[in-house]
Amino acid sequence: MSGRLDEEVLVKGWVRFFRNNRFIVVNDGSTVNNIQAVADEKIINEKLIKDLAVGASVAVYGKLAASQGSGQSVEIVASKVEVIGTADPEKYPLQPKKHSLEFLREIAHLRFRTNIFGSITRVRHAMIFAVHDFFTKKGFVNIHTPIITGSDCEGAGEMFRVSTLDAANPPRNDDGTVDFSKDFFGRETNLTVSGQLEGELAAMALSDIYTFGPTFRAENSNTARHLAEFWMIEPEMAFYELKDNMDLAEEFLKYLIKYALDNCFDDLQFLSNRQQEEEKGKPQDQRSMELIEKLKFILENDFVRLTYTEAIEILENSKPNKQNKFQYPVKGFGTDLQSEHERYLVEKHFKRPVILTDYPKEIKAFYMKQNVDGKTVRAMDILFPGIGEIVGGSQREDNYEKLLNRMKELKLPVEDMWWYLDTRRFGSVPHSGFGLGFERLMLFVTGMGNIRDVIAFPRTPKNAEF
RNA sequence: UCCUCAGUAGCUCAGUUGGUUAGAGCGGCGGACUGUUAAUCCGUAGGUCGUAGGUUCAAGUCCUACCUGAGGAGCCA
């Protein structure tokens with residue numbers, strides 16, 4: 001900017017501060033940094049003073065000059081200030097002061113105008129771009145999997161029904177159940193909980209594909225890590241075994257984080273300051289690492305890889321387990337790992353991201369490749385500090401008989417899944433993939449604590465405002 | 001869904017063992033101010049104490065239900 005001194009400039013944006021009837025601080029969303037315009041008495045008048053309220057939209061014409069004040073290096077010496085849209089100060093809810101994140105959630109239509117959501121939104125865009133950039137460079141093909149799905153066995157929890165039937169008076173079968181053959185699609189349909197199964201179909205021709213789309217879970221989850229509508233990235237790779245899958249996932253996460261550091265430094269610095277402020281109230285041992293330091297730490301260290309069985313051993317012999325400090329004690333193979341166990345491994349024992357593999361088949365999905373031990377499947381979960389599970393993936397069962405038998409064991413509607421099974425009948429190959437919850441990545445990269453603050457309009461139980 | 005905590009002015013909060021007329025800071029409004037940085041200074045208005053019941057001479061305060069939010073858990077990404 002300093003190289004452009006004396007240039008005529010035009011800035012259009014929204015007033016953040018108006019001080020001393022003279023200093024107009026404007027932000028247009030292009031950066032977290034504001035620009036200050038100085039209006040002298042020749043162009044300022046009573047009407048302008050009245051209209052230049054926080055939140056008003058303005059066009060400022062003037063010359064760029066070195067600032068006489070200390071808070072900024074350059075400023076605009078305004079020759080003309082035009083108020084485009086006023087913002088009644090008696091009604092405009094945003095003030096030039098700190099607001100709680102809870103309050104800002106209630107005014108999600110205006111929270112874009114805060115520094116914090118400006119930064120989050122820009123970082124989010126950078127991450128979206130980096131996802132496509134990473135896969136494009138690797139020769140992956142993006143596919144759009146259906147949002148409305150007819151299969152109800154994707155195995156990832158409760159689904160939202162999609163229907164045009166009269167909810168008050170649906171057509172019924174003789175036994176009283178709803179007759180979905182009369183519904184729009186002639187069958188029961190839901191919003192997708194995963195694009196994986198369709199992704200696998202595409203990978204069986206294009207080799208390396210990925211999806212990046214909205215995903216819906218009707219679980220009644222009330223946590224800072226869950227949304228009913230979220231965005232998920234699901235790559236699926238033919239000829240990849242579990243290790244290749246892990247290598248790709250680790251490389252991918254590091255690429256995204258590096259991209260943020262390289263391209264969003266001002267925003268990350270701002271978000272880091274915000275987090276440090278917030279953490280001042282916390283006791284020393286509960287504070288997390290400074291944001292940028294934390295992101296660099298991820299880049300510089302390999303993720304720890306170990307099997308579920310090895311993890312159980314570590315947990316069984318851990319201090320908190322021996323001292324009965326875990327709410328859920330670890331009792332050998334088969335124990336489902338709880339949040340507290342994952343946190344112990346990631347935050348206390350290894351102090352870095354952990355990839356857990358080869359879980360008992362009973363606690364994992366039907367499509368995962370069975371190991372020769374007959375007990376475990378080729379699953380992998382990547383656990384991040386503070387977030388928990390950020391990636392879940394596996395090598396897929398590519399053997400037709402084994403897959404079919406597993407589906408029958410679990411009493412899945414095999415007939416409805418004929419198309420999925422067909423891939424194992426015709427030219428089946430070993431293949432793998434994983435799912436990355438985009439908002440969970442955003443939590444990690446921005447250092448925010450609640451997933452409702454890294455998506456513009458969060459959908460959660462009892463909340464679909466805006 | 002379960003456990004815990006909370007809901008008082010536009011925002012952030014205080015409000016004693018139940019006891020007169022409900023408090024502050026910020027913001028708003030009126031005024032002052034030509035180098036301010038969440039500007040400052042003077043003045044001022046602003047409340048169905050989440051909702052509905054109940055206990056009591058008396059409820060912001062106690063009890064019950066519900067609603068909303070937060071933290072934790074479960075489910076998961």
Side-chain angles (χ1 to χ4, degrees), chain A residues 16-25 34-44 49-50 53-55 65-72 75 77 87-107 114-115 154-158 193-196 213-234 249 282 286 326-328 336-343 363-365 381-384 387-393 434-444 449-453 455 460-463 465:
Chain A
R16 287 294 182 81
F17 307 100
F18 180 46
R19 292 186 288 255
N20 214 333
N21 290 355
R22 185 167 160 78
F23 301 99
I24 310 156
V25 180
N34 303 324
I35 185 127
Q36 171 169 287
V38 190
D40 70 23
E41 74 269 23
K42 274 177 279 188
I43 63 162
I44 216 88
I49 287 171
K50 195 89 189 153
V54 173
S67 178
Q68 297 171 37
S70 57
Q72 56 285 314
E75 62 193 10
V77 178
D88 184 347
E90 284 190 67
K91 293 176 184 148
Y92 187 65
L94 283 173
Q95 300 163 21
K97 63 171 261 188
K98 272 212 174 78
H99 288 293
S100 68
L101 293 169
E102 291 86 358
F103 173 65
L104 292 175
R105 257 171 241 156
E106 291 169 17
I107 51 166
T114 61
N115 284 333
E154 287 169 356
E158 294 296 307
V193 293
S194 164
Q196 179 200 316
T215 311
F216 307 88
R217 306 264 167 99
E219 296 288 353
N220 193 6
S221 297
N222 294 287
T223 80
R225 303 180 304 283
H226 289 86
L227 290 166
E229 177 184 286
F230 63 100
W231 291 72
M232 188 154 65
I233 298 141
E234 295 179 285
K282 290 187 186 171
Q286 281 177 33
F326 283 140
Q327 196 188 335
Y328 298 88
D336 207 349
L337 295 183
Q338 307 292 321
S339 293
E340 58 179 349
H341 306 139
E342 296 180 350
R343 267 209 309 277
I363 59 175
K364 287 291 176 186
D381 285 357
I382 303 186
L383 310 176
F384 260 36
I387 312 288
E389 187 180 343
I390 194 167
V391 162
F434 61 84
L436 169 70
F438 186 62
E439 282 77 15
R440 292 204 178 158
L441 171 81
M442 283 295 299
L443 280 180
F444 190 76
N450 193 312
I451 201 161
R452 293 161 198 185
D453 296 328
I455 186 167
T460 53
K462 301 280 188 293
N463 181 15
E465 188 74 58

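We name chains A, B, ... by the order of the sequence lines, and we start the count at 1 in each one. No hydrogens, no waters, no symmetry mates; every other heavy atom, side chains included, goes into these values. Because the structure is predicted, anything quoted here is derived from the model rather than measured.
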| query | For the side chain of A/Glu75 and the base of B/G35, is some donor closer than 3.5 Å to an acceptor across the two? | reply | yes
| message | Any N or O donor-acceptor pair under 3.5 Å from the base of B/C75 to the side chain of A/Ser221? | response | yes
| field | Non-hydrogen atoms of A/Ala65 and A/Val77 that approach each other most closely | value | CB-CG2, 3.8 Å
| field | Shortest non-hydrogen contact between A/Ser194 and A/Thr215, atoms and distance | value | N-CG2, 4.0 Å
| note | From CG of A/Leu441 across to P of B/C76 the rounded distance in Å is 21 Å
Distances for protein N/O vs nucleotides 9-11 of chain B N/O pairs under 3.5 angstrom?
| unit_1 | atom_1 | unit_2 | atom_2 | d |
| --- | --- | --- | --- | --- |
| B/G10 | N2 | A/Gln95 | OE1 | 3.2 |
| B/G10 | N2 | A/Gln95 | NE2 | 2.9 |
| B/G10 | N3 | A/Gln95 | NE2 | 3.3 |
| B/C11 | O2' | A/His99 | ND1 | 3.4 |
| B/C11 | O2 | A/Lys97 | NZ | 2.7 |

| remark: Sequence neighbours excluded, the answer for salt bridge (charged side-chain N to carboxylate O under 4.0 Å, His left out) partners of A/Glu439 is A/Arg124
| Can you find a donor-acceptor N/O pair under 3.5 angstrom joining the side chain of A/Arg19 to the base of B/C33? | no
| query | Mind checking the P distance from B/G46 to B/G7? Whole angstroms is fine. | reply | 25 Å
| What dot-bracket string describes RNA chain B from 5' to 3', counting Watson-Crick and G-U wobble pairs whose defining distances are under 3.5 Å, with [ ] for crossing pairs and | for pairs to another strand? | (((((((..((((.....[...)))).(((((.......))))).....(((((..]....))))))))))))....
| request: Establish whether the base of B/U12 is bridged to the side chain of A/Glu102 by a donor-acceptor pair shorter than 3.5 Å. | output: no
| said: With hydrogens left out and only the distance checked, is there a donor-acceptor pair under 3.5 Å joining A/Arg22's side chain and the base of B/U34? | reply: yes
| Side-chain donor/acceptor of A/Asn20 to base of B/U40, under 3.5 Å | no
| message | For B/U36 and A/Gln36 - does any side-chain N or O of the residue sit under 4.0 Å from the phosphate oxygens OP1/OP2? | response | no
| query | Roughly how far apart, to the nearest Å, are B/C49 and B/G43 at atom P? | reply | 30 Å
| task | On RNA chain B, check which nucleotide each of A/Lys42 and A/Phe18 is closest to and give me the residue with the more 5' one. | result | A/Lys42
| Expressed in angstrom and rounded to an integer, what is the separation of A/Phe216 atom CZ from B/A77 atom P? | 16 Å
| request: Looking at every strand, decide which applies to A/Phe384 at a 4.0 Å heavy-atom threshold: base, sugar-phosphate, or nothing. | output: nothing
| said: Show, in sequence, the C-alpha distance, side-chain angles and deciding distance for A/Asn450 and A/Leu101, and conclude whether the side chain to side chain contact (heavy atoms under 4.5 Å, CB included) test is met. | reply: CA-CA 9 Å; A/Asn450 193 312; A/Leu101 293 169; over 6 Å; no
| Using centres under 5.5 Å plus planes under 30 degrees as the test, is A/Phe230 stacked with B/A77? | yes
| Does A/Ser70 get its side chain close enough to the base of B/G35, under 3.5 Å, for a donor-acceptor pair? | no
| field | Side-chain donor/acceptor of A/His226 to backbone N/O of A/Asn222, under 3.5 Å | value | no
| query | Below 4.0 angstrom from OP1 or OP2 of B/C75, is there any side-chain N or O of A/Arg225? | reply | no
| task | Check step by step if salt bridge (charged side-chain N to carboxylate O under 4.0 Å, His left out) holds for A/Asp381 and A/Lys364. | result | CA-CA 11 Å; A/Asp381 285 357; A/Lys364 287 291 176 186; 2.9 Å; yes
| request: Identify whether any heavy atom of A/Lys364 sits under 4.0 Å from a base atom; if not, whether one sits that close to sugar-phosphate; answer base, sugar-phosphate or nothing. | output: nothing
| said: Under the side-chain hydrogen bond (donor to acceptor under 3.5 Å, both in side chains) test against A/Arg105, which residue among A/Asn463, A/Thr460, A/Asp453 passes? | reply: A/Asp453
| said: In whole Å, measure the gap between the C1' atoms of B/C13 and B/A70 for me. | reply: 16 Å
| said: Looking at B/G71, I'd like to know if its phosphate oxygens (OP1 or OP2) sit under 4.0 Å from a side-chain N or O belonging to A/Asn450. | reply: yes
| Is there a donor and acceptor pair, one atom on the side chain of A/Gln72 and one on the base of B/U37, closer than 3.5 Å? | yes
| task | Establish whether the base of B/A38 is bridged to the side chain of A/Arg16 by a donor-acceptor pair shorter than 3.5 Å. | result | no
| query | Nearest of B/A70, B/G30, B/A73 to any side-chain atom of A/Gln338? | reply | B/A73
| said: Check the phosphate of B/G74 against A/Thr223, side-chain N and O only, distance under 4.0 Å to OP1 or OP2. Yes or no? | reply: no
| Does A/Asn220 put a side-chain nitrogen or oxygen below 4.0 Å from OP1 or OP2 of B/U1? | yes
| Toward the 5' end of RNA chain B, by each residue's nearest nucleotide, A/Ala224 or A/Leu227 | A/Ala224
| field | Contact summary for A/Glu219 and A/Pro461, nearest pair of heavy atoms | value | O-CG, 4.2 Å
| query | When you compare B/G54 with B/U61, how far apart are their C1' atoms, in angstrom units rounded to a whole number? | reply | 15 Å
